[in-house]
Q: 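First the structure, then my questions, so here it is.
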Amino acid sequence: LLRGLRRPCVMDCKMGGRSTPPGAPASKHLLQRAMYAHREKLGFIITGFKVFPPGKKARYYSIMHGRSLNEEGVFAKGFLPFLEPAGSSSRICRVATEIVRQLEQLRAWFTEQRIYLFYASSLLIAYESAPTQADELGVVVRMVDFAHATPAAAATAAAMATAAAPDENYLLGLGRLIDYFRRAVAESAALPPG
């Protein structure tokens with residue numbers, strides 16, 4: 001997925017407000033809630049990211065960092081450090097705009113699809129932090145770990161009752177991600193170029 005990127009900044013987001021399969025025991029739901037306290041409100045959790053600050057070695061942010069991020073802190077301590085290595089405010093704006101465009105494409109598919117219910121599936125988001133003279137953005141947004149899905153028809157009776165509806169669990173996280181990256185676009189567009 002990252003072929004051709006020389007210094008890719010990469011983020012993994014585990015999607016959905018819950019990460020347990022339909023029909024899982026209540027004890028498993030409670031364990032997941034304890035591990036990821038803010039996930040139900042955020043609709044996702046950042047399970048880690050790697051960035052290349054200009055002129056420095058790669059910097060890694062672990063799953064423990066992601067678990068600590070609540071609704072107030074996830075933008076300042078998650079998305080801003082992820083986007084900063086893009087460089088100038090205008091390039092950050094372009095990178096975040098392209099991420100939003102690709103997330104919107106995925107959201108359009110999730111709005112239509114009624115075949116699968118996803119849980120514990122991830123999105124990989126990446127971009128090139130060391131562009132060539134052509135200033136290629138190298139933005140990549142792809143589903144990974146999508147084996148964590150269950151056919152809607154094989155879901156529990158409660159899930160089957162809503163199988164004709166979109167996968168609201170996944171859509172919650174997509175919507176929130178789009179909101180955060182749009183915020184990054186707005187904030188970087190408001191800064192002086194450079």
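Basis for what follows: all heavy atoms, side chains included, without hydrogens, waters or symmetry-related copies.
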Q: Checking Q113 side chain against I115 main chain: does a donor-acceptor pair fall under 3.5 Å?
A: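 Yes.
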Q: For the pair E84 (side chain) and P53 (backbone), establish whether a donor and an acceptor sit closer than 3.5 Å, ignoring hydrogens and angles.
A: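 No: the side chain of E84 does not pair with the backbone of P53.
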Q: Output all residues satisfying side chain to side chain donor-acceptor pair (under 3.5 Å) with R176, sequence neighbours left out; order by chain, then residue number.
A: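 With sequence neighbours excluded, R176 shows a side chain to side chain donor-acceptor pair (under 3.5 Å) to E71, Y180, given in chain and number order.
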Q: At their closest point, which heavy atom of C9 faces which heavy atom of P85, and how far apart are they?
A: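 Shortest heavy-atom contact: SG-CB, 3.8 Å.
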Q: When you measure from the centre of the six-membered ring of F75, is the NZ or CZ of R183 under 6.0 Å away and within 45° of the axis?
A: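 Flagged: R183 positioned over aromatic ring of F75.
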Q: Do I46 and L80 sit in one hydrophobic cluster, given that two such residues count as connected whenever their side-chain heavy atoms are within less than 4.5 Å of each other, even indirectly?
A: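 Hydrophobic grouping puts I46 with L80.
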Q: If you measure from CE on M15 to CZ on F44, what distance do you get to the nearest 0.5 Å?
A: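 Between atom CE of M15 and atom CZ of F44 there are 7.5 Å.
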Q: Any donor-acceptor pair under 3.5 Å linking the side chain of N169 with the backbone of G16?
A: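 No, because the side chain of N169 does not come within donor-acceptor range (under 3.5 Å) of the backbone of G16.
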Q: Side chains of F110 and M143: closer than 4.5 Å at any heavy-atom pair?
A: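 In contact.
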Q: Give a yes or no on whether the backbone of K77 and the side-chain of H65 come within a donor-acceptor separation of less than 3.5 Å.
A: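 Present.
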Q: Return the minimal non-hydrogen interatomic distance between R107 and L171, and the atom names on each side.
A: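 In this case the closest contact between R107 and L171 is CG-CD2, 3.7 Å.
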Q: With side chains defined as the heavy atoms from C-beta onward, is the minimum distance between L123 and R142 less than 4.5 Å?
A: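 Heavy-atom side-chain distance check fails, nothing below 4.5 Å.
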Q: Is Q102 reaching over with its side chain to a backbone N or O of Q105, donor-acceptor style, under 3.5 angstrom?
A: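 Not confirmed, Q102 side chain does not pair with Q105 backbone.
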Q: Answer yes if V74 and V185 sit in the same cluster of Ile, Leu, Val, Met, Phe, Trp and Tyr residues linked by side chain heavy atoms under 4.5 Å apart, and no otherwise.
A: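 No; V185 is not reachable from V74 via cluster members.
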Q: Working to the nearest 0.5 Å, report the span between CG of D167 and OH of Y119.
A: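 Answer rounded to 0.5 Å: 12.0 Å.
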Q: Determine whether V144 and V139 fall in the same hydrophobic cluster, where Ile, Leu, Val, Met, Phe, Trp and Tyr are linked whenever their side-chain heavy atoms lie under 4.5 Å apart.
A: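 No.
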Q: Side chains of M11 and L124: does their closest heavy-atom pair fall under 4.5 Å?
A: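 Counting from C-beta outward, M11 and L124 never come under 4.5 Å.
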Q: Using only atom types and a distance under 3.5 Å, with no angle test, would you say the side chain of R114 pairs donor to acceptor with the backbone of T111?
A: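 Yes, R114 side chain to T111 backbone: donor-acceptor pair under 3.5 Å.
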Q: I'd like to know if L106 and L172 are part of one continuous hydrophobic network [Ile/Leu/Val/Met/Phe/Trp/Tyr, side-chain heavy atoms within less than 4.5 Å].
A: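 Shared cluster, no.
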Q: Shared ILVMFWY cluster between I125 and L1, side chains joined below 4.5 angstrom?
A: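 In one cluster: no.
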Q: For a 4.5 angstrom cut-off between non-hydrogen side-chain atoms, does R6 reach E128?
A: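 R6 vs E128: side chains touch.
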Q: Output the distance between atom CD (E168) and atom CG (L117), rounded to the nearest 0.5 Å.
A: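 Reported value, rounded in 0.5 Å steps: 10.5 Å.
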Q: Could you check whether R182 pairs with E104 (Lys NZ or Arg NE/NH1/NH2 to Asp/Glu carboxylate O, under 4.0 Å)?
A: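 Yes, this pair counts.
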Q: Nearest heavy-atom pair of A126 and L2: which atoms, and what distance?
A: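 In terms of heavy atoms, the two residues are closest at CB-CD2, 3.5 Å.
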Q: Testing the basics here: between A96 and L83, what is the closest heavy-atom pair and its distance to 0.1 Å?
A: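 Result for this residue pair: CB-CD1, 4.3 Å.
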Q: Short question: side chain of S121, backbone of F118 - any donor-acceptor pair under 3.5 Å?
A: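 It does not hold such a pair.
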Q: Quick check: Y127 with F82 (ring centres under 6.0 Å apart)?
A: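 Aromatic pair counts; centres sit under 6.0 Å.
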Q: Indicate the atoms forming the closest heavy-atom contact of G78 with F49, along with that distance.
A: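 Looks like O-CZ, 3.6 Å.
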Q: Before giving the answer on salt bridge (charged side-chain N to carboxylate O under 4.0 Å, His left out), spell out for D145 and K14 the whole-Å C-alpha distance, their side-chain angles and the decisive distance to 0.1 Å.
A: CA-CA 9 Å; D145 287 341; K14 198 69 79 173; 3.3 Å; yes
Q: Would a distance-only check, ignoring hydrogens and angles, find a side-chain to backbone donor-acceptor pair under 3.5 Å from R7 to S129?
A: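 Such a contact is absent between R7 side chain and S129 backbone.
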Q: Any side-chain heavy-atom pair from C13 and L177 closer than 4.5 angstrom?
A: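 Yes, their side chains come closer than 4.5 Å.
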